[in-house]
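To keep things clear, I will list the structure first and then write my remarks on it.
Proteins get letters first, then strands, A, B, ... in listed order; numbering begins at 1 in each.
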Amino acid sequence: MRLSQILIQTLREDPADAEIPSHRLLARAGFIVKTAAGVYTYAPLMWRVVKKFAQIVREELDREGANEVMLPIIQPRELWESSGRWERYVTDGIMFTLKDRKGSDMCLGPTHEEVMTDFVSAQVNSYKQMPVNCYQIQDKFRDEIRPRFGLMRGREFIMMDAYSFDADKQGLDVAYQKMRDAYCRIFDRCGVDYTVVQADSGAIGGAGSEEFMVIADSGEDAILFCRESGYAANVEKASSRLPSAPDGGEPQPLEKHETPDVKTVAQLEAFFPEWVAGRMAKTVIYKATFAEEEKIIAVMQRGDLEINEVKLVNAIDALNVELASDEDIEKATGAETGFAGPVGLSEDITLLADKSLKGRANLLTGCNETGFHCLNVNLGRDAREPDYHDLRLARAGEGDPETGAPLQEARGVEVGHIFKLGTKYSEAMGATFMAQNGKPTPFMMGCYGIGVSRTPAAAVEQHHDEKGIVWPVPIAPFECVVAFLDKKRKEQVELAEQLYEDLRAAGVEVCLDDRQMSPGAKFKDHELIGLPIQVFVGRNAADGKVELLIRKGLQKTDCSAEEVVAKVCDALAAGRQ
RNA sequence: CGGGGCGUGGCUCAGCUUGGUAGAGCGUUGCGUUCGGGACGCAAAGGUCGGAGGUUCAAAUCCUCUCGCCCCGACCA
């Protein structure tokens, strides 16, 4: 391929709207061009990257016997009503919807559980036909509340989604493990540093779920991990050993104290110097949204710990929770914000507590009266016993749940997610097969996604320097470029052409930079574009000498023309490690 | 959706406070000189100042509305 024939337009300056390195560099190097908020055009070089990554995905999934199919982007409302998700997705505003000429509601597929389940259940009638695993690589559409970071969170994006169908739980476990193995091979192959973490299964639902995280400071997810034990979890899901707190001692009589304007745990610690946060219990009022109603609930947590809202949603099986407004709090507790507590709390309000409070004596809490707090509160004695759940947000520095070694925190970009869905969708949609016992049985499903446009962006996030992108060899748009520097020097042009042909013949994915630019401009351009191996044919061409640049580390070495093919191949092999 | 900010040649931005002939750098085109770190000279093209309405003798500039985009919080590959 000749670069003079490839549409390639690099920018001298950083685009104004790019915040993180991958967005900035992909836009500046001309790989992506914004068409609308969260909607990008993939320029030729970017499309080559995406295709190469998609090919790795295909190869590894096909090795596990998965079938590639193509599902429709435009999907009818009825299909989404059959799983009960139309209402939810429309209410959340996450789905692009449209009407056809007859006025029928359609949507642009944000995900494909429904279509795939519908398709497979029509094809598979018997347990004898399973296991089945189908996947597609396709554009998906989500009207994200806040698209950002270029390809990281777009409204139109490319995703691989696979769905496994099994007759029973054991089959699902096998399918899940096969996909997990395939995912590991995929991310190993494309040269990103990733971690598999335990995850919350979120809106898609289901039992077990793990996320594949590319570690990067700009990642939108926080993960906690322990190198020794191998434990790793999304902070939404993570648990840890409970940090210790001073014992409350024997139950003491309840006391009520005036605490004007003392509202936060920190203020209480200052106000009651002998009461540390670990002996307090804060009571947070939430508004919980359920399918049929909204409820105000009270959630207690030890004063030195935080509430994990994802765990809270799961514990009460809500669609969503959010902090209650000051008005709602006053209505619910009769006191201003900052004085809520279990003592005297209306029976109408659900009271939950984190397990860290179970059995603890003599707590300091609010008492639902503005300007007062209670000392020596004993749950069950001075207030009703709450429902105890694990509602605690695990934090870095706390002990690994197994070994007790301190957990570390990192940011990650979620590039893959695998779920054991179970029968959630097949039951809702009535998708069944005939089981061995002669009864119609819902499919046992798994679903598996990879962000196909996001992963290369995550790779750039990990592999760049101050000059530009440093593509990992397996997903680089080309493995190597040969560039002459002075178009007027015939020997340069000829030698470059020759090396280009030699490298092609040797099976190297190489391009020839035959653009008419000054040498300095070419150097800068290639530092930015970031092809792994760069061969510059310059002033020593007449002596059969060229320069070899390894983009990673920018090591430049002189090299005789005869050695180029061997050295490039060696460097590529090293780059694939 | 809440809070903040920005819309001026292809890109990055100045001009707006204090209304009075639309600017710079980069990029693009032509000619010439260069040819190892985004070269130089000369010449040139290119802008409904996001849009609509209003105030005014006069609006990029002031007011109202609207659309788009970006950033901070709740969703997710």
Which nucleotide, [options], lies nearest any side-chain atom of [X]?
X: A/F523; options: B/rA77, B/rG37, B/rC75; value: B/rG37
X: A/D221; options: B/rC75, B/rG38, B/rC76; value: B/rC76
X: A/S518; options: B/rC76, B/rC35, B/rA39; value: B/rA39

- Same-atom distance (C1') from B/rA59 to B/rC63, integer angstrom: 11 Å

- Item | P-based separation of B/rU61 from B/rC16 [nearest Å] | 12 Å

Could you check how far [atom1] of [X] sits from [atom2] of [N], rounded to whole Å?
X: A/I145; N: B/rA74; atom1: CD1; atom2: P; result: 10 Å
X: A/L11; N: B/rG27; atom1: CG; atom2: C1'; result: 9 Å
X: A/L319; N: B/rC75; atom1: CG; atom2: C1'; result: 13 Å
X: A/R146; N: B/rG5; atom1: CZ; atom2: C1'; result: 12 Å
X: A/R28; N: B/rC26; atom1: CZ; atom2: P; result: 16 Å
X: A/H23; N: B/rC70; atom1: NE2; atom2: P; result: 8 Å
X: A/D14; N: B/rU12; atom1: CG; atom2: P; result: 10 Å
X: A/Q516; N: B/rU29; atom1: CD; atom2: C1'; result: 15 Å

- Query: Picking from A/Y176, A/Y448, A/Y135, what satisfies side chain to side chain donor-acceptor pair (under 3.5 Å) with A/S164?
  - Reply: A/Y448

Should the side chain of [X] and the base of [N] be counted as holding a donor-acceptor pair, with the cut-off at 3.5 Å?
X: A/Q9; N: B/rG27; value: no
X: A/E547; N: B/rG36; value: yes
X: A/R153; N: B/rC76; value: yes

What contact category does [X] fall into here, base, sugar-phosphate, or nothing, at under 4.0 angstrom with non-hydrogen atoms?
X: A/T10; value: base
X: A/G30; value: nothing
X: A/R148; value: sugar-phosphate
X: A/E527; value: base
X: A/E19; value: sugar-phosphate
X: A/K556; value: base
X: A/M517; value: base
X: A/G449; value: nothing
X: A/K140; value: nothing

- Message: Need to verify one output field. Residue with the more 5' nearest nucleotide on RNA chain B, A/K487 or A/E322?
- Response: A/K487

- Message: On RNA chain B, does the nearest nucleotide to A/D17 precede the nearest nucleotide to A/E414 from the 5' side, or the other way round? Give the residue.
- Response: A/D17

- Inspect the surroundings of CG in A/D62 and state if more than 12 heavy atoms from other residues, nucleotides or ligands are less than 6.0 Å away. yes

- Any stacking of A/F157 on B/rA77, going by centres under 5.5 angstrom and planes within less than 30 degrees? yes

- Query: Which nucleotide, in any strand shown, forms a Watson-Crick or G-U wobble pair with B/rU28, with both distances under 3.5 Å?
  - Reply: B/rA44

